[in-house]
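Indexing begins at 1, ligand by ligand and atom by atom, following the structure's order. Values below: every heavy atom of this structure, side chains too, minus hydrogens, waters and symmetry copies.
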Amino acid sequence: MHEGMNAVSDQLGRSLADLRVSVTDRCNFRCRYCMPREHFDQEHRYLPRAEILSFEEITRVVGTLVPLGLRKVRLTGGEPLLRSELHQLVSLLRQFPEVEVALTTNASLLAKHARALHDAGLGRLTVSLDSVSPEVFAQMTDSELPVGEVLAGIEAAHAAGFGPIKINCVVRRGVNDHTIVELARHFKGSGDIVRFIEYMDVGLTNGWRMDHVVSGREIVDRISAEMPLEPATPNYTGEVAKRWRYADGSGEIGVITSVTQPFCGDCGRLRLSADGQIFGCLFARVGTDLRTLLRGSPDDAPLRALVEGFWHARSDRYSELRTLGVKNLPRLEMSYLGG
Ligand code: SAM
C-alpha cells in the first residue's frame, strides 16, 4: 500500500479504484439508445456553464481521491471532446503519476485532437462505434457525420502514438446486430479490440426492452461461426469485458454482459457528473453534491471525508437486482452521469 494511503471499502467489500468524470452533458450525436432527439431537443435544459466544474476543480477532486486508492480516471460525457482544450485537463491530471488517464469518445473530433491529447499524456483511448456500415452508423447515431470521420479519427490516434484502441459497440437487435460480424472483421488483425456491449436499460428516454438486447453469448456465437473464437483468460480481476481470441491468432474481441451476466461484485467505479455530483451505480437515482464543498472550502480534508463516507455506505448492485426482477425505478440519463 502507498504511504499515506487509506483505501476505502464499501458495504459489499468493493474498493474505490476508478473515477469516471463527465466533462460535459452535451453531445453532437443523438444515438437513439442514449440521447434520443425527441428528448434532447431545443427544449432540453443542458447544464449552464457556471454549474460545470472547471478543470482545476476536477483535478482537485482527483487529488483528494488518490489517497483513497484511486488509480484510474476516465474522461467521458456527453461527448468529452466538445469540451474545449480538454488536453489541458489531461496535463493537469498527469501530476498524479499513480493515476492512469483514459478517454471515451465518439471520435468525431478525434482527428483534430489526437496529437494534443497524446502529447498531454493521455494513456488510453476507447472509441464508441456501433457499426462500420454507413447506413447503420447513421441510423444508430442519428447524425449526418459520416462513419469515415470516426475511422479517420482512429487512424489519427494511431499516428499520434496511441497503442491498441478499444472500440465499444452497443448491440441493439434489429438495428445494428446484422453488422457485428462486419465490425469484428474490420478490426481483426489491426491490434485494436472491439468490445460488444449488451444494450442496457440506463435512463428512461430510450424505451429499452429486454427483447432489444442481444446477449454476449449470441454475439460470440455469431462471430465465431465465421471467424472461430476461443475464450481467453482475464487480464486482471474485475475486468468487465470477457475476452475471446481469434483461433488463428489475429487478435481478440470482448463482450460486456452487463445485462445477462452482471458484474456488480467487482465494481470499483465512482462517477462525477459535470456539475460535481458523485454517484456509484450507473442506475443511481440521486447524487451526492461535492461542488458546494469544493467551491466553499479550500481544505481538501472535508471533501475527502465526504467521498469516503459516500463510498463506505455504498451497497448498490442494480444490474444484479434487475436480473431478480426489480425494474422501472426512476433513474438518470447516461449523458448526464457519464458513461
Ligand atoms: N460520447 C462518448 C462516447 O460516445 O463514447 C462518451 C459518453 S457515452 C454515454 C459512453 C458509452 O456509453 C458509449 O460507448 C455508448 O455507446 C454507451 N452507452 C450509452 N447508452 C448505453 C446503453 N443504453 N447501453 C449500453 N451502452 C450505452
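- Assignment of Ser335 to the shell around ligand 1 is not supported, since no heavy atom sits closer than 4.0 Å.
- Looking only at protein heavy atoms, the nearest one to atom 19 (C) of ligand 1 is Met334 CE, 3.3 Å.
- Checked against side-chain contact (heavy atoms from CB on, under 4.5 Å), His87 has the following partners two or more places apart in sequence or in another chain: Glu85, Ala116, Leu117, Ala120.
- When the options Val170, Leu183, Asn106 are evaluated for a side-chain contact (heavy atoms from CB on, under 4.5 Å) with Leu129, the one that passes is Leu183.
- In summary, Arg317 and Asp10 do not engage in a salt bridge, as defined by a charged side-chain N under 4.0 Å from a carboxylate O.
- For atom 6 (C) of ligand 1, the nearest non-hydrogen atom from the set Cys31, Cys169, Gly78 comes from Gly78.
- Remark: His44 pairs with Phe40, Tyr46 by the ring pair (Phe, Tyr, Trp, His ring centres under 6.0 Å) rule, at least two apart or across chains.
- Ion pairing between Glu51 and Arg45 holds under the 4.0 Å rule for side-chain N and carboxylate O.
- We find that Arg209 and Asp201 are not joined by a salt bridge, their nearest charged nitrogen and carboxylate oxygen being 4.0 Å or further apart.
- Residue contact check: Asn106 has heavy atoms under 4.0 Å from atoms 2 (C), 3 (C), 4 (O), 5 (O) of ligand 1.
- Here is the list of ligand 1 atoms found below 4.0 Å of a heavy atom in Thr76: 6 (C), 7 (C).
- Summary of contacts: the protein heavy atom closest to atom 26 (N) of ligand 1 is Val170 CG2, 3.3 Å.
- Closest protein heavy atom to atom 8 (S) of ligand 1: Gly77 O, 4.4 Å.
- Considering Arg245, Arg195, Lys166, Arg243 as possible partners of Glu252, the one that fulfils the salt bridge (charged side-chain N to carboxylate O under 4.0 Å, His left out) test is Arg243.
- In terms of polar-atom proximity, defined here as any N/O pair under 3.5 Å, Ser128 does make such a contact with ligand 1.
- Contact atoms of ligand 1 toward Cys34: 9 (C), 19 (C), 20 (N) (distance under 4.0 Å to a heavy atom of the residue).
- By the 4.0 Å N-to-carboxylate-O rule, Glu198 lies too far from Arg172 to be salt-bridged with it.
- Distance from atom 16 (O) of ligand 1 to its nearest protein heavy atom, with residue and atom name: Tyr33 OH, 3.0 Å.
- Among protein heavy atoms, the minimum distance from atom 23 (N) of ligand 1 is reached at Met200 O, 2.9 Å.
- Of all the atoms in ligand 1, the ones that sit under 4.0 Å from a non-hydrogen atom of Asn206 are 23 (N).
- Under a hydrophobic clustering in which Ile, Leu, Val, Met, Phe, Trp and Tyr are joined whenever their side-chain heavy atoms come within less than 4.5 Å, directly or via other members, Ile193 and Ile167 fall into different clusters.
- Considering backbone and side-chain N/O of Tyr199, none are found under 3.5 Å from N/O of ligand 1.
- For atom 10 (C) of ligand 1, the closest heavy atom belonging to the protein is Gly339 CA, 3.9 Å.
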